[in-house]
S.K.: 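Before anything else, here's the structure in question.
Throughout, residue positions are numbered sequentially from 1 according to the sequence presented. Please read these numbers as outputs of a predicted model, since none were measured by experiment.
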Amino acid sequence: MSSVTMDDFQIFTSIRYDPELLEVPNLGFSNVGWNSKPSPFYMFDLHRDRMLRAATHWDWTVAIASMSGKEGLEYFERFLYSITTDLVNGPHRLMITLARDGSLGYEKSPLPGTHLNNLHPEYLPSQSPDSRSSTLVKEGKVPVRDPIYDIFLDNQKTSKSEFTHFKTTFRDVYNDARRRALIKPGEKKEVLIVNDDGFVMEGTISTPYFWRNGRWVTPPVPKKFDPLQGSGGNDGTTRRWALERNLATEEVVLAESLVDGEECWISNGLRGFICGKVILH
């Protein structure tokens with residue numbers, strides 16, 4: 001995707017295909033949305049919604065028609081089933097592209113297993129001293145802190161744009177940030193990008209969550225692209241899911257407020273919710 005330009009980009013989303021998700025309805029999970037019914041596709045409807053919002057923004061009329069409404073959702077679901085009939089061994093990444101003419105493309109690759117609690121957590125672990133020292137353990141579907149990702153802070157600023165608000169194949173700002181952080185493919189590392197005003201926008205492949213004033217917060221993103229509103233990051237699928245279930249709230253996060261060693265959770269549509277530790281150079 002390095003040769004993609006602003007003129008020939010496609011909208012894309014990365015979906016987790018995982019047969020273990022078929023068991024979610026039988027394992028006591030509640031209020032999980034799409035996966036409350038048997039489906040191997042993680043938060044599938046939210047992926048359709050994000051692609052449709054992007055197509056609407058750029059007024060891709062054919063793509064809008066193909067993905068809209070109940071018919072568009074069913075069409076997209078049939079497409080995913082058609083490309084996963086040969087997958088028999090564990091979870092996979094489905095990178096789905098949507099072109100201006102409405103055509104769908106895909107790439108498939110294996111993914112590691114993920115605890116179901118990290119895919120559909122009821123809450124993110126509290127960081128308050130009282131909760132950490134309490135002998136009472138809060139019950140529910142709590143995500144596990146394994147693996148732990150190293151979370152770095154980009155040393156250059158990134159300007160807000162349509163290509164940071166929407167997920168497209170034009171990803172130069174993210175690829176450049178990962179190169180500056182010396183992150184190699186497959187490493188359990190993430191780098192946070194920072195806007196021109198010094199606020200955290202997002203991670204290059206994830207939404208970040210920070211413990212501030214007794215609650216988890218994530219940088220604000222407007223419902224529609226507006227360079228004057230929000231921190232400039234992407235309205236991700238797991239981000240939307242978390243906000244709708246009060247796992248976190250929106251709040252601006254100054255890059256200067258980050259503390260070396262602080263716990264930072266991140267999430268994306270492939271691996272769910274992941275524990276991280278901020279590392280400042």
S.K.: Within 45° of the six-membered ring axis of Tyr174 and under 6.0 Å from that ring's centre, is NZ or CZ of Arg171 located there?
M.R.: yes
S.K.: Determine, using the 4.5 Å side-chain heavy-atom cutoff (strictly less than), whether Phe166 and Met51 are members of one ILVMFWY cluster.
M.R.: yes
S.K.: Which word best sums up how the rings of Trp211 and Trp216 line up, parallel for under 30°, tilted for 30 to 60°, or perpendicular for over 60°?
M.R.: perpendicular
S.K.: Using a 4.5 Å cut-off on heavy atoms from C-beta on, say whether the side chain of Pro121 contacts that of Arg245.
M.R.: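 They are not in side-chain contact.
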S.K.: More than 12 foreign heavy atoms under 6.0 Å from CG of Asn89: is that the case here?
M.R.: no
S.K.: Report the relative orientation of the aromatic rings in Phe163 and Phe170; use parallel for angles under 30°, tilted for 30 to 60°, perpendicular for over 60°.
M.R.: perpendicular
S.K.: What are the two closest non-hydrogen atoms of Pro222 and His165, and how far apart are they?
M.R.: O-CE1, 3.1 Å
S.K.: Between Val200 and Ala255, what is the shortest heavy-atom contact and its length?
M.R.: CG2-CA, 4.0 Å
S.K.: Partners of Ser39 by side chain to side chain donor-acceptor pair (under 3.5 Å), sequence neighbours excluded?
M.R.: Trp34
S.K.: Taking the side chain as every heavy atom from C-beta outward, state whether Arg215 and Asn213 have any pair of such atoms under 4.5 Å apart.
M.R.: yes
S.K.: How many angstroms lie between atom OG of Ser103 and atom CG of Leu98, to the nearest 0.5 angstrom?
M.R.: 7.5 Å
S.K.: For the side chain of Gln10 and the backbone of Thr168, is there at least one donor-acceptor N/O pair under 3.5 Å apart?
M.R.: no
S.K.: Taking atom CD1 of Ile183 and atom CZ of Arg178, what is their separation to the nearest 0.5 Å?
M.R.: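 The CZ atom of Arg178 is 4.5 Å from CD1 of Ile183, to the nearest 0.5 Å.
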S.K.: Linking I/L/V/M/F/W/Y whenever any side-chain heavy atoms sit under 4.5 Å apart, do Met43 and Leu124 land together?
M.R.: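 Linked, Met43 and Leu124 end up in one cluster.
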S.K.: Please identify which of these residues, Arg239, Arg212, Arg240, Lys223, meets the salt bridge (Lys or Arg N to Asp or Glu O under 4.0 Å) condition with Glu250.
M.R.: Arg239
S.K.: Identify the residue among Val259, Thr218, Leu192 that makes a side chain to side chain contact (heavy atoms under 4.5 Å, CB included) with Phe210.
M.R.: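 The residue from Val259, Thr218, Leu192 that satisfies side chain to side chain contact (heavy atoms under 4.5 Å, CB included) with Phe210 turns out to be Leu192.
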S.K.: Look up atom CG in Leu270 and atom OG in Ser206, then write down how far apart they are to the nearest 0.5 Å.
M.R.: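 Nearest 0.5 Å value for the CG-OG distance: 11.0 Å.
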S.K.: Give the minimum heavy-atom separation between Thr85 and Tyr81, together with the two atoms involved.
M.R.: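 Between these two residues, the closest heavy atoms are CG2-O, 3.2 Å.
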S.K.: Taking Glu262 for its side chain and Lys277 for its backbone only, find out whether a donor-acceptor pair lies under 3.5 Å.
M.R.: no
S.K.: Between NZ of Lys189 and CG of Leu182, what distance do you get to the nearest 0.5 Å?
M.R.: 8.0 Å
S.K.: Side-chain heavy atoms under 4.5 Å apart, restricted to Ile/Leu/Val/Met/Phe/Trp/Tyr: what other residues fall into the cluster of Leu22, or is it alone?
M.R.: none
S.K.: Between the side chains of Thr238 and Asn268, does any donor sit under 3.5 Å from an acceptor?
M.R.: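 Result is no, nothing qualifies.
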S.K.: Transitively linked via ILVMFWY side-chain contacts under 4.5 Å: Val217 with Val278?
M.R.: yes
S.K.: Side-chain contact, heavy-atom cut-off 4.5 Å: Phe76 with Ile15?
M.R.: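 They are in contact (side-chain heavy atoms under 4.5 Å apart), so the answer is yes.
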S.K.: If you define the side chain from C-beta out and look only at heavy atoms, does anything of Tyr75 sit under 4.5 Å from Leu73?
M.R.: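 The answer is no; the side chains never approach within 4.5 Å.
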S.K.: Does any non-hydrogen side-chain atom of Ser68 lie less than 4.5 Å from one of Leu52?
M.R.: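 Touching, per the 4.5 Å side-chain cut-off.
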S.K.: Start with the C-alpha distance between Glu162 and His57, add both sets of side-chain angles, then the distance that settles side-chain contact (heavy atoms from CB on, under 4.5 Å), and finish with yes or no.
M.R.: CA-CA 9 Å; Glu162 297 165 301; His57 171 78; 2.7 Å; yes
S.K.: Assess whether atom NZ of Lys188 is packed by more than 12 heavy atoms of other residues, nucleotides or ligands within 6.0 Å.
M.R.: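 Not buried by this count: 12 neighbours or fewer within 6.0 Å.
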S.K.: Could you check Tyr106 against Thr97 for side-chain contact (heavy atoms from CB on, under 4.5 Å), going step by step and ending with a plain yes or no?
M.R.: CA-CA 6 Å; Tyr106 69 92; Thr97 56; over 6 Å; no
S.K.: If you group Ile, Leu, Val, Met, Phe, Trp and Tyr by side-chain heavy-atom gaps below 4.5 Å, do Val191 and Leu153 land in one group?
M.R.: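 Hydrophobic grouping puts Val191 apart from Leu153.
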S.K.: Tell me, do Leu116 and Leu21 make a side-chain contact under 4.5 Å, heavy atoms counted?
M.R.: yes
S.K.: Would you say the ring centers of Tyr149 and Trp265 fall short of 6.0 Å from each other?
M.R.: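 So the answer is no for these two rings.
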S.K.: Checking side chain to side chain donor-acceptor pair (under 3.5 Å) against Arg50, which of Asn234, Thr237, Asp235 comes through?
M.R.: Asn234
S.K.: Pair Trp60, Phe9 - check ring-ring contact (aromatic ring centres under 6.0 Å, His included), show working.
M.R.: CA-CA 12 Å; Trp60 289 3; Phe9 71 91; 5.5 Å; yes
S.K.: From His92 NE2 over to Leu87 CG, what is the distance, rounded to the nearest 0.5 angstrom?
M.R.: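 CG of Leu87 is found 5.0 Å from NE2 of His92.
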S.K.: If we only count heavy atoms from C-beta on, is the Thr164 to Met201 side-chain gap below 4.5 Å?
M.R.: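 In short, these two side chains touch, coming nearer than 4.5 Å.
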S.K.: Which heavy atom in Pro38 sits nearest to a heavy atom in Pro25, and how many Å separate them?
M.R.: N-CG, 3.7 Å
S.K.: Quick one: do Gln127 and Glu263 satisfy side-chain contact (heavy atoms from CB on, under 4.5 Å)? Show the steps, please.
M.R.: CA-CA 8 Å; Gln127 297 298 290; Glu263 187 166 294; 3.0 Å; yes
S.K.: Would Lys141 pass as a cation-pi partner of Phe29, given that its NZ or CZ must be under 6.0 Å from the six-membered ring centre and within 45 degrees of the axis?
M.R.: yes
S.K.: Taking only Lys NZ, Arg NE, NH1 and NH2, and the carboxylate oxygens of Asp or Glu, determine whether Glu77 and Arg48 approach each other closer than 4.0 Å.
M.R.: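 Arg48 and Glu77: not salt-bridged.
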S.K.: Can you pull out every salt bridge (charged side-chain N to carboxylate O under 4.0 Å, His left out) where at least one residue sits in residues 18-44? Sequence neighbours excluded, please.
M.R.: Arg16-Asp18
S.K.: Counting heavy atoms not belonging to Glu256, are there more than 12 under 6.0 Å from its CD?
M.R.: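 At most 12 heavy atoms, drawn from other residues, nucleotides or ligands, come within 6.0 Å of this atom.
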S.K.: Looking at Asp154 and Arg180, does any basic side-chain N land under 4.0 Å from a carboxylate oxygen?
M.R.: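 Here Asp154 pairs with Arg180 in a salt bridge, since their nearest N and O are under 4.0 Å apart.
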S.K.: Do you know which two heavy atoms are closest between Leu280 and Leu258, and how far apart they sit?
M.R.: CD1-O, 3.5 Å
S.K.: Taking all non-hydrogen atoms of both residues into account, name the closest pair between Phe41 and Asn35 and its distance.
M.R.: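 Heavy atoms of Phe41 and Asn35 come nearest at O-ND2, 3.1 Å.
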S.K.: Rounded to the nearest 0.5 Å, what's the gap from CD1 on Ile83 to CG on Leu80? Could you check?
M.R.: 5.5 Å
S.K.: Between Tyr42 and His120, is the ring centre distance below 6.0 Å?
M.R.: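 Centroid separation for Tyr42 and His120: below 6.0 Å.
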S.K.: Are Val24 and Phe44 joined in one hydrophobic group, where the rule is that I, L, V, M, F, W and Y side chains link up if heavy atoms are under 4.5 Å apart?
M.R.: no
S.K.: Please test Asn195 against Ser231 for side chain to side chain donor-acceptor pair (under 3.5 Å), starting from the C-alpha separation and ending with a verdict.
M.R.: CA-CA 7 Å; Asn195 67 24; Ser231 293; 4.7 Å; no
S.K.: I'd like to check Arg271 versus Pro112 (side-chain heavy atoms, cut-off strictly below 4.5 Å). Are they in contact?
M.R.: yes
S.K.: Using the rule given for side-chain contact (heavy atoms from CB on, under 4.5 Å), can you reason through Leu247 versus Trp241, listing the C-alpha separation, both sets of side-chain angles and the distance that settles it, and then say yes or no?
M.R.: CA-CA 9 Å; Leu247 272 69; Trp241 188 91; 4.0 Å; yes
S.K.: Under the 3.5 angstrom rule, does the side chain of Glu187 hit a backbone N or O of Lys184 as a donor-acceptor pair?
M.R.: yes
